[in-house]
Amino acid sequence: SGFEAALPSRVWAAARMHDCSGLGDEGVRRRCLAGGGTLHTLRLGGAFTRLGAAAASHIGALAALAHLELPFVALGMDGVAALRPVAAQLTHLDLSAQLGAGIADGAAGLAAGLEVNTTLTEINLTGNKIGSAGWCALFHALRNNAGNKSAAFNLFQQGLAKEAGEGGAGVGGVVSG
């Protein structure tokens, strides 16, 4: 729309939409392009929001993005994996309460981006039931990352087996429930 084109790029340094249920992949693409490479913070949320791999790949291509929040947004396995490029540069990542499968299946792709991230300080994947295999992939990526600065993980409602906690020991602060 003409709305995004009429705003200067500096306005798009931060974009927050608390209900993006009608936005769709094309709306995300337009907002990412409207950022003009300056979008630092992106928060899209809303109950029952579904975005596909196309939207995630546009988010993944944001060169200046440091703070990403997508709570209650269903990305699916391919969408989560498409965030790999941006996962390598984030300081804050919130993919809490993803709807349906996806995070668990896409954890390996996400872990590959986090393995080289030297700026991430907080990750929130609350309520995704990632399970032991997904969390072990994430923990191992961060544990093996010599530049890891992560200070907090949120493990609430993950469906972790007892042995998963042992495999992730020593990887920063852990909040579980």
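These figures come from a predicted structure and were not determined experimentally. Reckoned from all heavy atoms, side chains included, excluding hydrogens, waters and symmetry mates.
By the 4.5 Å heavy-atom criterion applied to side chains, Arg31 and Leu42 are not counted as neighbours. Here the side chains of Asn148 and Leu120 are not in contact, with every heavy-atom distance at 4.5 Å or above. At a threshold of 4.5 Å between non-hydrogen side-chain atoms, the residues Leu68 and Leu62 do not count as touching.
Of the possible donor and acceptor atoms, none in the side chain of Lys149 sits under 3.5 Å from a partner among the backbone N and O of Thr119. A donor-acceptor pair is defined here as one N or O able to donate and one able to accept, closer than 3.5 Å; no such pair exists between the side chain of Glu115 and the backbone of Asn144. Of the possible donor and acceptor atoms, none in the side chain of Ser150 sits under 3.5 Å from a partner among the backbone N and O of Glu122. A donor-acceptor pair under 3.5 Å is absent between the side-chain atoms of Asn124 and the main chain of Ser96, judged by distance alone.
For Asn145, there are no side-chain hydrogen bond (donor to acceptor under 3.5 Å, both in side chains) partners two or more places apart in sequence or in a different chain. Take Glu69 and apply the side-chain hydrogen bond (donor to acceptor under 3.5 Å, both in side chains) test, not counting sequence neighbours, and it matches Arg43, His67.
Between Asp25 and Gly52 the shortest heavy-atom distance is OD1-N, 2.8 Å. Contact between Gly60 and Pro85 at its shortest, heavy atoms only, is O-CB, 3.4 Å. Here the closest heavy-atom approach between residue Ala56 and residue Gly79 is recorded as CB-O, 3.1 Å. Taking all atoms of both residues into account, the shortest heavy-atom contact from Ala53 to Ala82 is O-CB, 4.0 Å.
Interatomic distance, Arg143 CZ to Leu114 CG, rounded to the nearest 0.5 Å: 14.5 Å. Taking OG1 of Thr118 as the reference point, atom CD of Gln89 lies at 10.5 Å (rounded to 0.5 Å). Atom CG of residue Leu110 and atom CD1 of residue Ile123 lie 5.5 Å apart, to the nearest 0.5 angstrom.
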Could you please spell out the steps behind the side-chain contact (heavy atoms from CB on, under 4.5 Å) verdict for Asp94 and Leu70? CA-CA 6 Å; Asp94 181 349; Leu70 299 173; over 6 Å; no
For a side-chain contact (heavy atoms from CB on, under 4.5 Å) check, start with the C-alpha distance between Leu90 and Leu83, then their side-chain angles and the critical distance, and finish with the verdict. CA-CA 11 Å; Leu90 296 173; Leu83 294 176; over 6 Å; no
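The side-chain hydrogen bond (donor to acceptor under 3.5 Å, both in side chains) pairs that include a residue from residues 55-66 number zero, where partners must be two or more places apart or lie in different chains.
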